[in-house]
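Below is one structure, written out as structure tokens, with a few remarks after it.
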Amino acid sequence: MKLGSNFWSTVKKKYSIYMILVGLFIVCSLANPNFLSVNNLTNISRQLSVTTILALGATLLIISGMLDLSSGSVLALAGVFAVSTYKATGSLLLALTVGILTGIVCNVINAIMVSTFKAPPFIATLAMLTVARGVALLYTKGQNILQLGNFTELGQGSIGVIPIPIIFLIAIAILTWYLLNHTRFGRSLYAVGGNEEAAIASGINVHNVKYTAFIINGIFVGIAGVLFMSRVNAGLPNGAINYEFTALTAAIIGGTSFSGGIGTVGGTLAGAFIVGFLDNIMNLNNVDSYMQQIVRGTIIALAVIYDIRSRNRRAKATLVKAEDLGADKK
Amino acid sequence: MKENFKLRVSQIEKSFPGVKALDKIDFAVKKGSVHVLCGENGAGKSTLMKIINGIYQPDSGQIYIDEKPVKINNPIQARTLGISMIFQEMSYVPEMTVEENLFLGNLPVKRFGNVNWKEVRRRTKELLLAENLPYSPTTPLKDLTISDIQMLEIIKAISYKSDIIIMDEPTSAITLKEVEKLFVKIRELKARGVSIIYISHKLDEVFQIADDITVLRDGTVVESHPKEELDIETVIALMVGRKLTTTFPKEHVAIGEDMLQVENLNCTNVFHNINFHVKKGEILGFAGLMGAGRTEVMRALFGLDPKTSGIVKIKGKEVTIKNVRQSIDHGMVMLSEDRRRYGIIPMRSVKENTTLSNLKSVFYAYRNHKKVEKKLVSEILNKMRIKTPTIDTPIASLSGGNQQKVVLAKWMIRNPDILILDEPTRGIDVGAKLEIYKLMTDLAKEGKVVIIVSSELPEVIGMCDRIYVMAKGTITGEINRGDFSQELIMRYATGTLTAEGVN
Ligand SMILES: Nc1ncnc2c1ncn2[C@@H]1O[C@H](COP(=O)(O)OP(=O)(O)OP(=O)(O)O)[C@@H](O)[C@H]1O
Ligand SMILES: [Mg+2]
């Protein structure tokens, strides 16, 4: 009997997020008949792809004990650079490359601030958030870039029945899963986030790990930027505001722990879809947009409380009681 | 004589995923006495104490204080019931200052609920002065050594003026001198009628301080007796369930040429003029008092801390070691004395913690070889007799001694040429200590080198071929096995004797 209850508590802990996702899906389909329409579902999936890609980058960073507040802004910057490259050259490949490079450059700067100069990630990426948005606005003089022609192929097109953004998402999710589970980098990432000093003392090159994490995040953000601008058919320097929060929310709901060392791709995907379904059903049912903000905020709060509570339960085992107090003080 | 029991627990049971940690425990502590709990790593000692302190809730069973049934939901409640505890796993925030740490959770407040920092400062100064400790209330904990922190924890627990004080391995990180201080304290407390539950793997200590001894094995009480009815051998036999030799498994090993030579190693204000060498097949000891600089030398050697000058040669070739990776690449690894801070990744599995030092052995050909990893880890866990429900259990849920063994296993899988062990047997039970000594001997037989930094003189004397003694940041003496004696070591360690031209 004891073992039985243990078994169920493990199952509950491991799979509760997926059960919530399925439950939410059922509730949504009942709440609005349009939810299940092909049109709506492809629409959600296109929108969701962008934020989910950001969330996967965020997951890598949070696992290693860092975070990125700049992803929304860098996404916009990468997007407008990509759009103008396309307008100048007509090459999708070149546009995508420029987008990715922009993401990488911004995130290398993040990594320099965080890893080389030991700036707290929160502050460093907050600075990048402001700067990247500023550059995007400066570059476009605050104007949207329109008439993109075939650039929209990436965001709006499909291969067979599968929307192209979804293909990107699947590829990136698989890549992230592979990195986390099958590479030395992934294993080191968990170690660095779990206890940086112990990781150093075990011979992990923490510097490299942090740079790599930021660079991969940069690649993801760059791709997300191109997909986003291509879907909305415009280069929007003011686009994707607050997307970093959606990404963080998805990661937290998915069980990535802000104290580092814990997180999975499956969890983040589920978290991102939960957020996406909620937004969608509120839109379909014409929930007031202010109300939507309140709901979203409440969910973040609940997810964080859940994270802290389960962390406390873990902590009880090891008595890291002081750690939480320390975090408060900072 | 029931009314004499200050604290009594009856039929306590507790399970964790995959293990039954405690099974129908009966245990009672008299007023004004010291009750020692003995048992192997993972026997359930800390778990029982955490239940008494309200950190865990028992699955069943009852706690009585002064023969009145009580329910203890959390440590704060435990404190109001007069119970305080010194934890085995000392947890601390490195940025926190001494005074903040001392009064954490117990800050004196003024009328409007704001903290009375003046009072905090005053009382901290008083405590530090009374204990004769050489640091100030505003020193951050990260600047203290682990033994300083353990002393602080002891002072803290005593300052609550509790009737029951639980000490879970309070002396694992402190040296003889501090232990004596602690024992004086304990006797004072006892005279005041305080009851003390004391857990330690150092059995000679146990017999100095105990009134009663209870032995746990695999979550059950084996036997409980007044000290007078027991001796060390009996306790060991009760703990491990079989007879165990207590002599050190020292064997004669052929000594080869120099493996490691250190010439004139310096680090400003930390240590200076460090010269030593170790030959293949040697087990070398570093003795000294708390704060002599032994840990600091080893950390600098291992690339964890910077050094200002000096030459390091491995197998006769000069090497540059600026970080841990370079050291590992040269076959030199080090087990740190502060397990929580430098040893474990608490939320990750036993498996991940073990292979962290050698990721290449399980990540190759573009993937993680799960079977290889499982085999590698299971083998070393078996060899070192590490008790864990599964290899995927988070390391933080292992008992303290088993965590220590995993951290050692992490380095053993690298098959190092030079193994530096800083307080290797801290918190480890007698049986496991023997295993570790045997492991050292095996390494030496293979022509490898083991360097032990230890505050336990018997261990250094029992296992080493040669001992260097350090005091005040430099080496004050070198002693060969034939001349080993506690007195000689202490004379070098306290600086009353210095050897000329130690090289
Ligand atoms: N939080 C936890 N979660 C899961 N298992 C646990 C937890 N705490 C302890 N255990 C298990 O309970 C058993 C008893 O552990 P405990 O820490 O009480 O041992 P101990 O006697 O204090 O050993 P040591 O001498 O090594 O400190 C061990 O098998 C341990 O793995
Ligand atoms: Mg213990």
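Numbers restart at 1 for each chain; the letters A, B, ... are given by sequence-line order, proteins then strands. Just so it is clear, the structure is predicted and the values come from calculations on it, not from any experiment.
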Please evaluate residues B/Asn323 and A/Asn205 with respect to the criterion side chain to side chain contact (heavy atoms under 4.5 Å, CB included), reporting the C-alpha separation (whole Å), side-chain torsions for both, the decisive distance (0.1 Å), and the verdict. CA-CA 9 Å; B/Asn323 56 49; A/Asn205 189 338; over 6 Å; no
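- Of all heavy-atom pairs spanning A/Tyr190 and B/Glu352, the tightest one is CB-OE1, 4.4 Å.
- When the candidates A/Gly261, A/Ala199, A/Gly260 are compared by the number of heavy-atom contacts under 4.5 Å with chain B, A/Gly261 comes out ahead.
- The shortest heavy-atom contact between B/Ile345 and A/Gly194 is CG2-CA, 3.7 Å.
- Between A/Asn181 and B/Asn368 the shortest side-chain heavy-atom distance does not fall below 4.5 Å.
- With hydrogens and angles ignored, the 3.5 Å screen pairs no side-chain donor or acceptor of A/Asn195 with any backbone N or O of B/Tyr342.
- More than 12 heavy-atom neighbours from other residues, nucleotides or ligands sit within 6.0 angstrom of CG on A/Leu302.
- Of all the listed residues (B/Arg414, B/Lys410, B/Arg339), the one sharing the greatest number of non-hydrogen pairs under 4.5 Å with chain A is B/Lys410.
- Of all heavy-atom pairs spanning B/Ile344 and A/Ala198, the tightest one is O-CB, 3.7 Å.
- Between chain A and the residues B/Lys360, B/Arg341, B/Arg367, the most heavy-atom pairs under 4.5 angstrom are made by B/Arg341.
- For B/Tyr364, no part lies under 4.5 angstrom from a heavy atom of chain A.
- Taking all atoms of both residues into account, the shortest heavy-atom contact from A/Arg187 to B/Thr355 is NH1-OG1, 3.4 Å.
- Atom OG1 of A/Thr183 is separated from atom CG of B/Leu359 by 9.5 Å, given to the nearest 0.5 angstrom.
- Atom NE2 of A/His182 is separated from atom NE2 of B/His369 by 9.5 Å, given to the nearest 0.5 angstrom.
- Sparse packing is recorded around NZ of B/Lys322, with 12 or fewer heavy atoms of other residues, nucleotides or ligands lying under 6.0 Å away.
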After noting the C-alpha distance and the side-chain angles of B/Arg348 and A/Ile262, does the key distance pass the side chain to side chain contact (heavy atoms under 4.5 Å, CB included) rule? CA-CA 8 Å; B/Arg348 305 309 300 176; A/Ile262 288 179; 4.2 Å; yes
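- For the side-chain hydrogen bond (donor to acceptor under 3.5 Å, both in side chains) test, residues two or more places apart in sequence or in another chain that qualify with A/Ser70 are A/Asp68, A/Asn110.
- Residues of residues 324-337 of chain B having a heavy atom under 4.5 Å from any heavy atom of chain A, listed by number: B/Val324, B/Arg325, B/Ile328.
- If you measure heavy-atom distances from B/Lys370 to chain A, the contacts under 4.5 Å come from the side chain alone.
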